[in-house]
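Report on the structure given below.
Throughout, protein chains are lettered first and strands after them, A, B, ... in sequence-line order, and every chain is numbered starting at 1. Predicted model, so just to flag it, every value in this text is computed and none were measured.
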Protein chains: 4
Amino acid sequence: MPRTADANAVLREKTRERVLQAAVRLFSRHGFDGTSVRALAQEADIAVGLLYSHFESKEGVLSALMQSSMLDVARTLEAADREPTARGFVTVLLTSAVEMMDAHRDLWRLSQGLRHQPEVLARLKLPFEHFLGATHQRLKAALAARGVQEADIEARVLFALVEGISQQYVQHEGGYPAAAVIRAAARRWPATPSRKRKADTP
Amino acid sequence: MPRTADANAVLREKTRERVLQAAVRLFSRHGFDGTSVRALAQEADIAVGLLYSHFESKEGVLSALMQSSMLDVARTLEAADREPTARGFVTVLLTSAVEMMDAHRDLWRLSQGLRHQPEVLARLKLPFEHFLGATHQRLKAALAARGVQEADIEARVLFALVEGISQQYVQHEGGYPAAAVIRAAARRWPATPSRKRKADTP
Amino acid sequence: MPRTADANAVLREKTRERVLQAAVRLFSRHGFDGTSVRALAQEADIAVGLLYSHFESKEGVLSALMQSSMLDVARTLEAADREPTARGFVTVLLTSAVEMMDAHRDLWRLSQGLRHQPEVLARLKLPFEHFLGATHQRLKAALAARGVQEADIEARVLFALVEGISQQYVQHEGGYPAAAVIRAAARRWPATPSRKRKADTP
Amino acid sequence: MPRTADANAVLREKTRERVLQAAVRLFSRHGFDGTSVRALAQEADIAVGLLYSHFESKEGVLSALMQSSMLDVARTLEAADREPTARGFVTVLLTSAVEMMDAHRDLWRLSQGLRHQPEVLARLKLPFEHFLGATHQRLKAALAARGVQEADIEARVLFALVEGISQQYVQHEGGYPAAAVIRAAARRWPATPSRKRKADTP
DNA sequence: TATGAATGAGAATTCATTCAT
DNA sequence: TATGAATGAATTCTCATTCAT
């Protein structure tokens, strides 16, 4: 009798997960090019061939990782969106980004690194370009809704801050005064809700 | 008849320069791993063997590039240091960074990418780690000297901003509103010189 | 409740047949090396493992196919043997070969291809060499019996013709004027039965 | 001082030739798929990498071989074209084919084998299909010009004969009565020049 | 100094076969 | 009997580096 379909699905999922975890670890430490498929399989403790029954290629593994990293970013934004004031928005945005990074430090390190390798990104055929543009738009809308003037420019400042702080944080081995930096960074945006916004949702 | 020693030295220097320029172009576009020595030699229009008489290895070429990139950063800081107010300092810092990037866009792109590949950096045996620490110290000192409180934290915010804005700028194909963003970013720091530290925020 | 032994045997036979049919299709199109066992199983719509319970190996499948192809050739010869004249013999030989090819075009294509890969054939441990020799002998005997002089040489000419025409026919996608070619080819042999050998060429 | 361009060209040509010779030997014995690049390089007594500086791929090597094999065929036809009678044409055609095969036995074996692997041939991007069609046309024209009726059909018979005899010859290890077979095969075509043809070139 | 032919280790990927269930 | 996850050796091809000239 064959293994049941269920048992197989469980088996597959477990293996797939092991590969992905091995991949974050190795890609983030040695880079995508610096990690051989053999090393990847070894770290995941499976045979090389099995890897290819789960992913189309080494790039396919990376692609899967990047997708989950984009989800992280989206979640960060959602958390912040519930805050009524600009300062609250920025604070929660940065705080929850820092929490994400604590949870998935390697994944973020990896994804930040890739942001600077447009050729690799392009090969992944992920909507990365579009994703960045959309993120800028969401930041702009969020600030505008909270009464910030020149929302486009301010959104760019904010975007730069988020990226900059994320990088510092992720690259520090520890001891980065994240809370203080976030507080200082957020101080530049008003802590009072805009009247307009109050009127929108009374 | 041999050429004079002088003429030889000039020729060597020209060749070396051609290699370096080819390297910035190719490394920044295709990455370090994505660029073969053969391609490098071809772009520089010399034979592979000759390349090895100018540089110890492919890594050696990268190393030389990164050194000149560190010089760029240092120059940026020097330009800003002449400004008496914190806002002036930040403004000039960012403005001259943007100018640098206009002049050496590919080099910066490359160096930003490498910042995320600590293993590669380590192999270069360059004082990069130390360089980043020193830069943070210089920012901190500069802000403190201009009367900014909590200079350590503020320096981190500033560092994040510089990195973030640089990245946005370098990755935009054009049309980034750098001037406006810089103005907005700098607004968060005081425009008046501190007489004494105590007196800044009366 | 187990199935009866009979029902099982029928099922096995059906599966085996499905594999063989899939194999002719794939081997003839993509070659033996160009067909993976996985593809084979997929085309036969069974699991890879099951294939190995029917055949010892991928080569085993090929071997089974070639056996049935040799039977085809034998049948072709038998059909011709009933003809009294040399021309009749040749005509029927070629005509029934063409019919065979219409029925088992892929199998013939495959077997013709293999005739040129002696190493593969050798691995199959089939009496191929001997089979070719025996075929030549049968042709020679058939011609001799029908009063053809220099039967050995004539048999070689005939063998070459059969092979050559078979190849042309099998490789044409259609529109090959088989009947006309056969008629023209057969014309070279006498249309009258020999009473005695001595008497044929008075 | 660099090696002179001439010296380099000689070096390259020598290596290229060694690879091609190794390739005929191995491809014809073990087949294209059955020959690994490593084995090829070993037989040619060079490093694997060097092979790739002379040919784009393993397929590239095969392609080069097939081209030279097509030249052989063309030469065979040219030799025959000088004969005024149909029988002479056929005789010289087959005779010079046999001579070619004596000179390049492995190459012909290989090329005959490939004729049955249309997928491999297609990948070579050689005008093979067209070449076969053109050859048929040349045979037809040659027979027609020598007064043969139904030249199209007769050309097909002849083509089949040439292919069939070539195969028998090339596969026999020796002792094939080529001369006798050719004489017998040619007997079917008239030994007198056609009047028409005489009139064409009086 | 300058050339590019030559090297061979190592990369990604495939595939026949096995085996736990 | 039947499944398909798992194995790992073997494949094609690339590339940094060396070296004879």
(request) Name the residue closer to the 5' end of DNA chain F, choosing between C:Val48 and B:Val48 according to the nucleotide with the nearest heavy atom. (result) C:Val48
(message) If you only use heavy atoms from C-beta on, which nucleotide in F:dG4, E:dA2, E:dG4 is closest to the side chain of D:Asn8?
(response) E:dG4
(message) Measuring only between side-chain heavy atoms, which start at C-beta, is A:Met70 closer than 4.5 Å to A:Ser111?
(response) no
(message) Minimum heavy-atom separation for C:Asp45 and C:Arg18, please, with both atom names.
(response) O-NH2, 3.7 Å
(request) Just compare E:dA6, F:dA5, E:dT17 and give me whichever is closest to any side-chain atom of D:Leu11. (result) E:dA6
(request) In whole angstrom, give the distance that lies between atom CG of A:Leu51 and atom P of E:dC15. (result) 16 Å
(request) Scan D:Gln171, D:Arg109, D:Gln117 and name whichever one has a side chain to side chain donor-acceptor pair (under 3.5 Å) with C:His116. (result) D:Gln171
(request) With the side chain counted from C-beta on, respond yes when A:Ser63 and A:Leu126 share a heavy-atom pair under 4.5 Å apart, and no when they do not. (result) yes
(request) Go through E:dT17, F:dA6, F:dT3 for me and flag the one nearest to the C:Leu50 side chain. (result) F:dT3
(request) Calculate the interatomic distance between A:Asp6 atom CG and F:dT3 atom P; express it in whole Å. (result) 17 Å
(message) Need to verify one output field. Residue with the more 5' nearest nucleotide on DNA chain E, C:Glu56 or B:Gly49?
(response) B:Gly49
(request) Answer yes or no: is there an ion pair linking D:Arg29 with C:Glu119, defined by an N-O contact shorter than 4.0 Å? (result) no
(message) Taking the side chain as everything from C-beta on, heavy atoms only, tell me whether D:Val120 gets closer than 4.5 Å to D:Arg123.
(response) yes
(request) Kindly express the pairing pattern of DNA chain F in dot-bracket notation, using | wherever a base pairs with another strand and counting only Watson-Crick or G-U pairs under 3.5 Å. (result) .||||||||||||||||||||
(request) Describe the nucleic acid contact of B:Ser57 in one word from base, sugar-phosphate, nothing, applying a heavy-atom distance below 4.0 Å. (result) sugar-phosphate
(request) Could you check if a side-chain atom of D:Thr15 sits within less than 4.5 angstrom of a side-chain atom of D:Leu51, using non-hydrogen atoms only? (result) no
(message) If you assign C:Arg12 and A:Ala9 each to the DNA chain F nucleotide with the nearest heavy atom, which residue ends up on the more 5' nucleotide?
(response) C:Arg12
(message) Would you say that A:Ser53 contacts A:Leu50 through its side chain, given a criterion of any heavy-atom pair below 4.5 Å between the two side chains?
(response) yes
(message) Can you confirm whether A:Glu129 is buried at CD, in the sense that more than 12 heavy atoms of other residues, nucleotides or ligands lie under 6.0 Å from that atom?
(response) no
(request) Check every atom of F:dT17, E:dA5, F:dT7 against the side chain of A:Ala47 and return the nucleotide holding the closest atom. (result) F:dT7
(message) Does F:dA6 have OP1 or OP2 under 4.0 Å away from a side-chain N or O of A:His54?
(response) yes
(request) Ignoring the backbone of B:Lys58, work out which of E:dA5, F:dT17, F:dG4 is nearest its side chain. (result) F:dT17
(message) Quick check: do B:Phe27 and B:Leu40 have side-chain heavy atoms less than 4.5 Å from each other?
(response) yes
(request) Using whole Å, report how far CZ of B:Phe55 lies from P of F:dT17. (result) 13 Å
(message) Using a 4.0 Å cut-off on heavy atoms, which residues in residues 30-46 of chain C reach DNA chain E? List them by number, or say none.
(response) C:Thr35, C:Ser36, C:Val37
(message) For DNA chain F, which residues of residues 14-29 of chain A approach it to below 4.0 angstrom with any heavy atom?
(response) A:Thr15
(request) For the residue pair D:Leu110 and D:Phe32, establish whether any side-chain heavy-atom pair is separated by less than 4.5 Å. (result) no
(request) Would you indicate, yes or no, if E:dT13 has its OP1 or OP2 atom less than 4.0 angstrom from a side-chain nitrogen or oxygen of A:Tyr52? (result) yes
(request) Count the heavy atoms belonging to other residues, nucleotides or ligands that lie under 6.0 Å from CZ of C:Arg38, then report whether that count exceeds 12. (result) no
